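Model, not experiment: these values are computed from the prediction. What's counted below: heavy atoms across the whole structure, side chains too, no hydrogens, waters or symmetry copies.
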Amino acid sequence: MSSRPELQAPPEIFYDDVEARKYTSSSRIVGIQAELSERALELLALPDDGIPRLLLDIGCGSGLSGETISENGHHWIGLDISRSMLDIALERETDGDLILGDMGQGLGLRPGVMDGAISISAVQWLCNADKSCHEPRLRLKAFFGSLYRCLGRGARAVFQLYPENNAQRELILGFAMRAGFAGGVVIDYPHSSKKRKEYLVLTCGPPSMSTAAPSAKGEDGNSSSDDESSGDEENQTVSISDRNRPRKKQKLTKKGKTRSWVLKKKEKMRSKGNVVPPDTKYTARKRKARF
């Protein structure tokens, strides 16, 4: 059986009472969670002015990441789909407010209320269809769209994730860009199979001159400069991306829209998460004026 928990069962089933308590009582997991949360807060780049910020912890679990947020002097709201995890968070008397909910259904928060968001090892769960009604593209679209609305303009969201492959990484990043975010991927310790960590760093709003991609950590634990990583494609920080690319004009024949044009258009709509009728031999066939 695969060691990836998202491939074994839905999160609300996998993290039952036994697994949730086992997860929270492991000193190794607690240490890793604290380290990842500290790095996520560092990538958030919050102003160092002593003013507490309100942050969203997506997939907060039993509140391990929330403890790191509280220790840094900020307030937080935690969202998780596992009731067992949230029950343990209540037992531990965490400082944050807790919400039981599915991030794939969207975040029911007021527009512009959050100053930032972090997530540790949770976003890749959206790429799995755990139920017959689940469509990963639609769930990613709902999640990133609602996240964009609840963040203040210029705020950041940092997701530590374990994508299964490059296609999954591009799928997640693509829907983040379509929602309006600018950003990219930061990979710490890219040459280490054990220490390698991947973060998706997003900024709410279009890219600007003041928006800069954060630096990744190298093997010595220090931030690597652009010159050091220029010769290694894997060690580069993905640059800030602009989702507003100029659209190419569609080539139409004298008779109108061809079958190939219609098929491409339908495929594009599917990639955006829209429900599109299946392709048949009648697709793009011209109707007769009368029967």
Side-chain angles (χ1 to χ4, degrees), residues 1-44 55-72 74-105 107 116-131 134 136 139-140 143 147 157-165 168-169 172 188-189 192-200:
M1 183 176 289
S2 173
S3 60
R4 299 179 70 93
E6 65 268 20
L7 299 181
Q8 299 182 36
E12 65 272 25
I13 297 177
F14 181 84
Y15 289 109
D16 55 12
D17 293 341
V18 176
E19 189 66 28
R21 200 165 296 279
K22 177 182 175 183
Y23 185 95
T24 309
S25 61
S26 171
S27 58
R28 174 178 171 273
I29 291 179
V30 171
I32 293 175
Q33 194 84 0
E35 180 182 347
L36 296 176
S37 302
E38 284 284 357
R39 178 58 171 154
L41 286 175
E42 180 184 343
L43 293 172
L44 271 184
L55 305 180
L56 179 63
D57 185 4
I58 304 166
C60 64
S62 56
L64 298 179
S65 298
E67 288 184 351
T68 302
I69 296 175
S70 298
E71 290 171 359
N72 281 267
H74 301 292
H75 307 296
W76 58 280
I77 297 174
L79 172 75
D80 203 277
I81 196 173
S82 171
R83 184 181 295 274
S84 299
M85 279 288 199
L86 295 181
D87 287 342
I88 295 179
L90 290 174
E91 290 179 12
R92 299 175 67 246
E93 298 181 350
T94 55
D95 295 329
D97 296 321
L98 304 175
I99 300 175
L100 176 65
D102 180 6
M103 59 180 173
Q105 299 294 325
L107 309 174
I118 68 169
S119 178
I120 307 299
S121 309
V123 176
Q124 69 268 9
W125 288 83
L126 291 174
C127 297
N128 297 308
D130 298 319
K131 301 178 181 178
H134 282 182
R139 289 170 61 76
L140 286 166
F143 169 65
L147 177 64
V158 177
F159 305 100
Q160 186 275 323
L161 67 163
Y162 296 103
E164 187 176 4
N165 47 47
Q168 193 176 94
R169 180 185 297 105
I172 296 173
D188 289 347
Y189 310 107
S192 173
S193 59
K194 187 175 182 180
K195 297 178 65 177
R196 176 190 171 100
K197 294 295 182 292
E198 194 165 321
Y199 299 86
L200 177 59

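- In terms of modelled atom types and a separation under 3.5 Å, the side chain of Ser70 and the main chain of Asp95 share no donor-acceptor contact.
- Rounding to the nearest 0.5 Å gives a distance of 9.5 Å between OG1 of Thr68 and CG of Leu36.
- Leu43 CG to Arg39 CZ: the interatomic distance, rounded to the nearest 0.5 Å, is 4.0 Å.
- Of all the heavy atoms in Arg196 and Ser192, the pair that sits closest is CB-O, 2.9 Å.
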May I have the step-by-step check of side-chain hydrogen bond (donor to acceptor under 3.5 Å, both in side chains) for Gln160 and Ser121, ending in yes or no?
-> CA-CA 6 Å; Gln160 186 275 323; Ser121 309; 2.7 Å; yes
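- A salt bridge does not link Glu35 to Lys197: none of the charged side-chain nitrogens sits closer than 4.0 Å to a carboxylate oxygen.
- Atom CZ of Arg92 has more than 12 heavy atoms from other residues, nucleotides or ligands within 6.0 Å.
- The line from OH of Tyr23 to CD1 of Ile88 is 11.5 Å long, rounded to the nearest 0.5 Å.
- Residues that satisfy the side chain to side chain donor-acceptor pair (under 3.5 Å) test with Glu198, not counting sequence neighbours, are Arg169.
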Can you give me every donor-acceptor pair (side chain of residues 56-65, partner residue at least two apart or in another chain, under 3.5 Å) with its distance?
residue: Ser62; atom: OG; partner: Thr24; partner atom: OG1; Å: 2.9
residue: Ser65; atom: OG; partner: Gln33; partner atom: NE2; Å: 3.1
residue: Ser65; atom: OG; partner: Ser37; partner atom: OG; Å: 2.9

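- Pairs engaging residues 13-25 under the salt bridge (charged side-chain N to carboxylate O under 4.0 Å, His left out) rule: Arg21-Glu91 [sequence neighbours left out].
- Rounding to the nearest 0.5 angstrom, the gap separating the CE atom in Met103 from the CG atom in Leu140 is 8.5 Å.
- Note that CG of Leu161 is 6.0 Å distant from CD of Gln124, once rounded to the nearest 0.5 Å.
- When atom types are taken as modelled, the side chain of Asn72 and the backbone of His74 share no donor-acceptor pair closer than 3.5 angstrom.
- When all heavy atoms of Leu55 and Leu41 are compared, the closest pair comes out as CD1-CD2, 3.7 Å.
- Between Val123 and Leu200, every side-chain heavy-atom pair lies at or beyond the 4.5 Å cut-off.
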